[in-house]
**Q** 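Below is one structure. I have some questions about it.
Proteins come first, then strands; the chains are lettered A, B, ... in the order of their sequence lines, and each starts at number 1.
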Amino acid sequence: MEHIISLTLENKFGSLSRVAGLFSGRGFNIESLSVAPTLDPSVSMMTIVTNGDDRIIEQIMKQLNKVIDVIKVVDISENEFVERETALIKVHTRAEDRAEALRIADIFRANVLDSSPTSYTIEVTGDVRKVQAIIHLLQPLGIKELVRTGRIAIGREPTRPVQAQLRPLAKAN
Amino acid sequence: MQLTGAEIFLESLKREGVDTLFALPGGVVLKIFDVLHQQKDIRVILTRHEQGAGHMAEGYAKATGKAGVALITSGPGMTNVITALADAYMDSVPVVCFAGQVPTPLIGNDAFQEADNVGLSRPCTKYNFLVKDVNDLAQTIKEAFYIATTGRPGPVLVDIPKDVSLDKGEFHYPKSVSIRGYNPTYDGSKWKIKQAADAIMKSKRPILYIGGGVQFSGASAEVRELAEMTHIPVDMTLMALGAFPGDHPLSLGMLGMHGTYAANMAMHYSDLVIAVGARFDDRVTGKVSEFCPTAKVIHIDIDPTSIRKNVHVDIPIVGDCKRVLIELNNILRATVNGNKKEQRKPWWDQLSAWQQEHPLAYTQEPEAQIKPQYLIDRLYELTADRDPILSTDVGQHQMWAAQYFKLKNPKTFLTSGGLGTMGFGFPAAMGAQAAFPNRLVLCIAGDGSIQMNTQELATAVIEKLPVKVFIINNRFHGMVRQWQDLFYEGRYASSYLGHVPDFVKLAEAYGAAGVRIDKVGEVDAGIQEALSIDRTVFIDVPVYQYENCYPMIPAGGSNHEMLLEDPSDLKKPKSTHKTAVQSDSDTVLTA
Ligand SMILES: Cc1ncc(C[n+]2csc(CCOP(=O)(O)OP(=O)(O)O)c2C)c(N)n1
Ligand SMILES: [Mg+2]
């Protein structure tokens with residue numbers, strides 16, 4: 001099963017390779033990995049998407065905890081969470097395809113970042129299904145280049161008590 | 001106080017109580033060696049190879065429980081020490097290794113003798129550091145020792161670029177360390193310990209399965225109290241030998257691939273396995289799906305990753321073995337009333353039956369060639385009253401040593417378990433001897449293994465380390481040959497060593513003493529003679545070449561399916577009356 005693991009780790013030389021080396025050395029899967037500093041510049045946040053049965057995930061969690069540069073490990077996918085990924089897609093467009101490309105971008109609320117006579121560069125952000133779907137639709141037109149950030153995720157706050165919910169909710173996306 | 005990096009290195013080591021350094025110099029560490037040369041607090045033992053330095057540090061650490069320390073140079077110095085670091089990592093040995101590095105401005109330039117020390121050692125150390133600023137050096141050294149010796153111990157590498165050893169910085173040695181991502185759990189969960197106590201009280205066929213964790217945690221007395229109080233039999237892993245007395249009536253000896261029949265049968269038929277500081281290695285579990293089919297498992301270990309890694313665990317207890325056992329014993333002491341011995345009688349009847357059915361056995365005919373087991377058995381008997389430290393190499397001789405040399409005290413058995421590193425024995429013995437100059441330190445070596453580190457004879461002689469190295473000389477990579485006998489129809493591909501050097505002359509060439517024992521009748525006298533020599537001694541013992549080590553659980557087999565002797569269709573020369581000293585008189589089967 002797929003799991004999204006969120007790591008807080010020391011933002012220093014070599015930390016990333018310790019985590020990556022752990023996955024390769026022990027034969028664990030990495031589907032995607034993204035990392036960047038947090039508000040505290042001495043700490044990075046890493047999101048790893050991996051998969052395995054319960055026994056493997058338990059090992060992955062324990063092994064990550066054992067890495068000295070890792071400060072905290074959370075299996076985000078154990079509870080409610082939101083996830084996002086951004087993809088930049090450079091689509092090849094023949095004259096007759098240009099309108100179709102824009103239509104697809106529009107449906108997915110994607111932005112066109114760059115345009116040339118024979119291509120569009122489209123930016124899309126969403127959960128993994130959305131990103132997969134737009135890629136799938138653009139593919140017949142011809143994708144020249146594709147760059148993805150890898151998935152990031154964050155746990156949802158616990159649902160608010162009933163009373164609070166009665167207040168008008170801010171318009172969520 | 002402003003000091004150079006090299007001086008800070010020295011002062012920091014002194015603060016850590018380091019008394020011995022196993023070292024080999026090179027260009028980038030000369031400043032450090034220069035400082036070491038001008039002091040008397042730390043003994044610097046110059047080894048002949050960095051692998052030797054690493055294993056000596058391991059031997060020192062295993063025998064003392066303190067961190068063993070090595071100092072080596074960049075590039076080839078580093079690559080040479082890797083085997084020892086990997087060995088220490090597998091066996092949880094606290095070693096701090098300092099490596100020289102090219103000056104910081106040159107790092108990454110493929111400078112002369114540059115290697116990516118941190119990258120090379122990452123998968124085989126518990127942690128590693130590159131010190132980029134002399135002002136970080138003291139703090140780093142403090143953290144290195146702290147990490148190496150706490151939690152589940154292991155090797156730590158500190159990479160020191162040349163300019164850092166020359167630069168001046170303020171020396172201030174930190175009193176304590178705190179690392180936010182490193183907080184080992186020492187106290188086990190009280191609730192789980194209570195569950196464990198209940199399970200022990202209910203169990204009809206319990207077995208204690210103890211591992212190397214008992215050695216490092218210093219939990220021997222607690223294990224003994226637990227076993228005696230509840231009358232539970234004790235199985236030991238290779239790494240645990242000595243942590244519980246091998247001659248104790250509750251000891252079933254070693255378990256696993258070459259463990260005793262009773263030890264393995266007890267695991268297989270037990271209803272409660274109490275694992276303490278052991279990690280269910282594949283050499284112990286055999287076929288995992290058939291491991292302990294009827295048992296509940298309690299697993300006490302300081303490393304959470306060891307728990308449920310290989311086998312299912314019913315009561316996991318993360319914590320230091322000693323502390324957990326103290327707690328467990330306290331509960332049991334209050335509950336065990338009446339005679340556990342009486343209650344356990346049916347189980348012990350079964351265990352004794354197994355012990356009698358297939359005890360460890362060999363035959364030694366008085367006129368035939370020496371059997372390896374006989375030599376080890378005699379060495380054990382003749383040194384039993386001297387509480388020796390024993391190291392081994394890797395192979396058949398190692399397994400026979402584990403079977404027949406019944407160590408009584410913790411931290412007396414030094415062997416390479418997890419990595420199985422040939423060449424470990426001799427330098428490890430030297431490291432232990434350096435720590436304990438007045439104790440009897442023995443090494444049981446293989447004729448193959450010893451040749452991986454004989455250069456350290458020079459070190460042993462110069463540093464006056466009077467270890468006694470018994471070379472079980474079968475002119476074979478015996479363990480390899482045994483597998484070929486059993487699984488490759490006796491085709492001895494590259495297991496016959498052919499010409500082995502004259503180990504007596506080799507020792508003498510280095511200024512050590514050499515003794516040869518090649519007749520059964522001379523074994524006792526030969527051992528006594530070797531022990532009476534106050535110098536490094538190589539004892540060459542030509543033995544019967546085709547002896548195989550049993551019991552044996554073939555790789556992937558289940559624990560109750562042991563081979564107990566050579567299969568009847570195995571063709572091999574019988575032990576002859578000739579004493580084959582040199583290889584030209586060997587009869588080698590070429591099937
Ligand atoms: C460094 C290393 N290389 C290879 C091996 C594989 N191996 C395991 S036992 C063995 C033979 C050991 O021969 P020897 O030291 O003579 O011991 P014996 O089995 O004959 O007692 C070999 C080659 C190893 N364990 N370590
Ligand atoms: Mg041999």
**Q** Please determine, by modelled atom types, if Ser42(A) and Arg180(B) share a side-chain donor-acceptor pair under 3.5 angstrom.
**A** yes
**Q** With heavy-atom distances below 4.5 Å as the criterion, would you say the side chains of Ile307(B) and Glu58(A) are in contact?
**A** no
**Q** Are there over 12 heavy-atom neighbours, none belonging to Ile154(A), within less than 6.0 Å of that residue's CD1?
**A** no
**Q** For atom NZ of Lys287(B), is the number of surrounding heavy atoms from other residues, nucleotides or ligands below 6.0 Å larger than 12?
**A** no
**Q** Please classify the contact between Asn183(B) and chain A as side chain, backbone, both or neither, with a heavy-atom cut-off of under 4.5 Å.
**A** neither
**Q** Test side chain to side chain contact (heavy atoms under 4.5 Å, CB included) on Arg55(A) and Arg308(B); report intermediate values, then the result.
**A** CA-CA 8 Å; Arg55(A) 202 181 58 87; Arg308(B) 292 215 188 97; 5.8 Å; no
**Q** Decide if atom NZ of Lys296(B) counts as having more than 12 heavy atoms of other residues, nucleotides or ligands within a radius under 6.0 Å.
**A** no
**Q** Identify which of Ile68(A), Val67(A), Asn65(A), Thr8(A) forms the greatest number of heavy-atom pairs closer than 4.5 Å to chain B.
**A** Ile68(A)
**Q** Under a 4.5 Å cutoff for heavy-atom pairs, which residue among Asp303(B), Ile179(B), Leu130(B), Val118(B) has the most contacts with chain A?
**A** Asp303(B)
**Q** List the atom of Gln59(A), the atom of Thr305(B), and the distance in Å for their closest heavy-atom pair.
**A** NE2-O, 2.8 Å
**Q** Taking atom CD of Glu290(B) as the centre, report whether more than 12 heavy atoms of other residues, nucleotides or ligands fall under 6.0 Å from it.
**A** yes
**Q** State whether the number of non-hydrogen atoms from other residues, nucleotides or ligands found under 6.0 Å of Lys162(B) atom NZ is greater than 12.
**A** no
**Q** Quick one: pull up NZ in Lys12(A) and CZ in Phe129(B) and give me the separation to the nearest 0.5 Å.
**A** 6.5 Å
**Q** Does NZ belonging to Lys192(B) count more than 12 external heavy atoms closer than 6.0 Å?
**A** yes
